[in-house]
Amino acid sequence: MEINIFDSVDGQVVQLKNEHTGESAEILQDLGGALKSLHVLIQGKLENIIAIPQESQFSMAENDLYPSALLCPWVNRVRNGNYSFLGKNYQLPINEKALGNAIHGFLAIRKFELGKQEITSDYARVILYYPYSGDFEGYPFPFQFEWEFTLFQNGKLDVSMKCLNTGEGEMPFACGWHPYFQIPGTDLADYHIFFQGKSRFLSDSQMIPMKEELLDMKDGLSFRTNQIDHVFRLNPSEEHVTELVDTKLKRALFVQQSSRLFPFLVVFAPANEQCVAIEPMTANTDAMNTLDGLIHLKPKDFFQGNVQIWVGNPLELTR
């Protein structure tokens with residue numbers, strides 16, 4: 001295993017690589033620690049399973065679909081950018097002007113610092129961190145955020161997120177991750193997705209949840225027959241697995257999270273693209289106002305959770 005660091009059009013790249021198989025993960029240190037690519041072996045062929053929608057139209061920093069972005073310290077939208085916490089009102093900048101919301105936090109394009117690096121025969125690991133001083137308008141709560149990326153020899157990627165409250169008072173907090181996945185050679189219509197969804201949310205004209213409806217998810221969802229762009233509430237489990245199946249070529253991609261730590265999942269297929277966003281979230285959209293999943297971090301307290309990604313054969317025989 002090895003770690004390589006080099007420059008690119010998107011800034012400095014930290015690459016974790018298995019030099020024997022060619023499998024690798026490329027992380028953009030200068031753009032919020034976004035995962036630019038993840039090359040893994042699928043049926044003996046090296047494939048990139050991370051998609052960057054709108055890649056030919058926009059740079060990573062300007063891409064309004066937030067590919068592989070860290071969503072922190074809030075996820076999705078805050079209605080009108082306004083919220084109250086412990087009796088005080090705050091106004092965030094409106095960066096989703098068409099709908100009038102503050103969206104996806106502010107760490108997605110900030111430059112992270114390079115922390116500890118570790119290489120063994122079994123894995124390559126790197127820590128990226130960002131010390132936030134409280135300077136973002138409408139969010140005066142200092143913290144330190146850490147990404148920890150570990151690529152294992154078997155091709156599995158573990159992504160850990162940790163946030164420490166470094167301020168003197170409580171802070172409202174949520175985090176999530178916005179990767180888009182693809183299985184090259186497959187059309188969107190050939191994907192089928194399985195996960196333990198308990199309910200889904202229907203949104204109003206500002207894309208803020210207005211209604212929650214219960215679901216029966218035993219048969220999963222087909223992208224051939226469903227338009228999917230929802231927040232889902234998950235059944236609680238220490239090891240919740242989302243399975244994205246390529247029904248044409250019988251391949252599968254897996255995303256695992258604790259649905260106690262990340263009890264929400266956004267699934268979204270952007271128009272005119274052949275990829276699917278699978279987004280683990282600690283909180284619901286507009287949690288700064290609804291409190292649905294919002295975490296109150298006390299001084300020196302921290303949140304930590306991880307997401308794992310791997311590929312393999314579909315689990316059809318065990319379903």
Side-chain angles (χ1 to χ4, degrees), residues 1-52 55 59-61 63 67-70 72 107-131 144-163 175 177-185 239 241 244 251-257 275 278 280 304-313:
M1 304 297 289
E2 62 184 32
I3 298 176
N4 303 301
I5 299 173
F6 53 88
D7 291 328
S8 75
V9 294
D10 296 308
Q12 187 159 280
V13 174
V14 180
Q15 181 193 62
L16 310 179
K17 187 173 183 179
N18 183 330
E19 69 272 29
H20 299 297
T21 65
E23 294 176 301
S24 66
E26 294 189 346
I27 303 135
L28 298 177
Q29 180 183 337
D30 296 342
L31 284 177
L35 183 63
K36 180 68 179 289
S37 68
L38 178 58
H39 286 85
V40 295
L41 288 170
I42 307 178
Q43 296 177 343
K45 185 179 179 182
L46 203 60
E47 302 278 16
N48 178 22
I49 60 171
I50 293 295
I52 308 296
E55 187 172 25
S59 69
M60 286 284 285
N63 195 325
S68 290
L70 168 63
C72 180
L107 290 191
I109 59 173
R110 294 210 176 187
K111 181 176 180 177
F112 274 57
E113 301 294 327
L114 184 61
K116 182 180 177 182
Q117 303 172 53
E118 185 179 3
I119 301 171
T120 73
S121 59
D122 296 321
Y123 62 82
R125 175 177 295 151
V126 67
I127 292 176
L128 301 177
Y129 65 94
Y130 185 86
Q144 176 156 305
F145 190 92
E146 290 185 1
W147 282 114
E148 182 179 278
F149 293 89
T150 306
L151 181 68
F152 291 95
Q153 192 179 41
N154 62 4
K156 180 180 286 188
L157 182 70
D158 184 282
V159 181
S160 174
M161 291 165 255
K162 181 179 180 180
C163 183
C175 75
W177 189 30
H178 204 307
Y180 291 84
F181 294 99
Q182 62 185 2
I183 305 178
E239 296 183 349
V241 176
L244 183 66
R251 306 172 295 176
L253 182 153
F254 302 89
V255 179
Q256 180 177 294
Q257 70 206 70
C275 59
I278 300 173
Q304 185 168 13
N306 70 312
V307 177
Q308 293 187 327
I309 304 166
W310 70 94
V311 295
N313 294 320

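Any value given below was found using the heavy atoms of this structure, including those in side chains, with hydrogens, waters and symmetry copies removed.
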Between Leu46, Leu38, Asn154, which is the residue that forms a side chain to side chain contact (heavy atoms under 4.5 Å, CB included) with Glu23?
-> Leu46
dist Ile309:CD1 -> Asp158:CG (nearest 0.5 Å) comes out at 9.0 Å
How long is the gap from CG on Leu70 to NE2 on His178, to the nearest 0.5 Å?
-> 11.5 Å
Do Val255 and Phe181 have side chains that get closer than 4.5 Å, going by heavy atoms?
-> yes
Any side-chain heavy atom of Met1 sitting closer than 4.5 Å to one from Thr120?
-> no
Could you please spell out the steps behind the side chain to side chain contact (heavy atoms under 4.5 Å, CB included) verdict for Gln308 and Val241?
-> CA-CA 9 Å; Gln308 293 187 327; Val241 176; over 6 Å; no
Might you point out which heavy atoms bring Leu35 and Ile50 nearest each other, and give the distance in Å?
-> O-CG2, 3.5 Å
Criterion side chain to side chain contact (heavy atoms under 4.5 Å, CB included) on Ile5 and Gln117, from CA distance to verdict | CA-CA 11 Å; Ile5 299 173; Gln117 303 172 53; 4.2 Å; yes
Met60 to Ala34 - nearest heavy-atom pair and separation = CE-CB, 4.0 Å
Under 4.5 Å between any side-chain heavy atoms of Gln153 and Thr21, yes or no?
-> no
Minimum heavy-atom distance Ala61-Leu31, with the two atoms named = CB-CD2, 3.8 Å
Rounded to the nearest 0.5 angstrom, the CD-CD distance for Glu239 and Gln256 is 4.5 Å
Taking everything shown except Asn313 itself, do over 12 heavy atoms lie less than 6.0 Å from its CG?
-> no
Where Tyr180 and Cys275 come nearest, the two heavy atoms and their spacing | CD2-SG, 4.0 Å
Is the number of heavy atoms from other residues, nucleotides or ligands within 6.0 Å of CG (Leu41) greater than 12?
-> yes
Closest heavy-atom pair, Leu16 versus Leu151, reported as atoms and distance to 0.1 Å, is O-CD2, 3.4 Å
Do Val159 and Asn306 have side-chain heavy atoms sitting under 4.5 Å apart?
-> no
Drop me the distance from Ser37's OG to Asn48's CG, to the nearest 0.5 angstrom.
-> 5.0 Å
Atom CD in Gln182, atom CD1 in Ile49: separation rounded to 0.5 Å?
-> 9.0 Å
Between Leu128 and Leu114, is a side chain to side chain contact (heavy atoms under 4.5 Å, CB included) present by the stated rule, with each step listed?
-> CA-CA 5 Å; Leu128 301 177; Leu114 184 61; 3.6 Å; yes
Give the intermediate values and the outcome of side chain to side chain contact (heavy atoms under 4.5 Å, CB included) for residues Ile27 and Trp147.
-> CA-CA 10 Å; Ile27 303 135; Trp147 282 114; over 6 Å; no
Could you pull out all residues at least two apart from Asp10 that satisfy salt bridge (Lys or Arg N to Asp or Glu O under 4.0 Å)?
-> Lys36
What residue pairs, at least two apart or across chains, pass salt bridge (charged side-chain N to carboxylate O under 4.0 Å, His left out) with a residue in residues 111-122?
-> Glu118-Arg125
Please state whether the rings of Phe112 and Tyr130 are parallel, tilted or perpendicular, taking 30° and 60° as the class boundaries.
-> tilted
Heavy-atom neighbours of Gln43 CD exceed 12 at 6.0 Å = yes
Determine the minimum heavy-atom distance between Arg251 and Pro184, stating which atoms define it.
-> NH2-O, 2.8 Å
Is the closest side-chain heavy-atom distance between Asp7 and Val13 below 4.5 Å?
-> no
Please round to the nearest 0.5 Å and tell me the distance separating atom CZ of Phe6 and atom CD of Gln15.
-> 5.0 Å
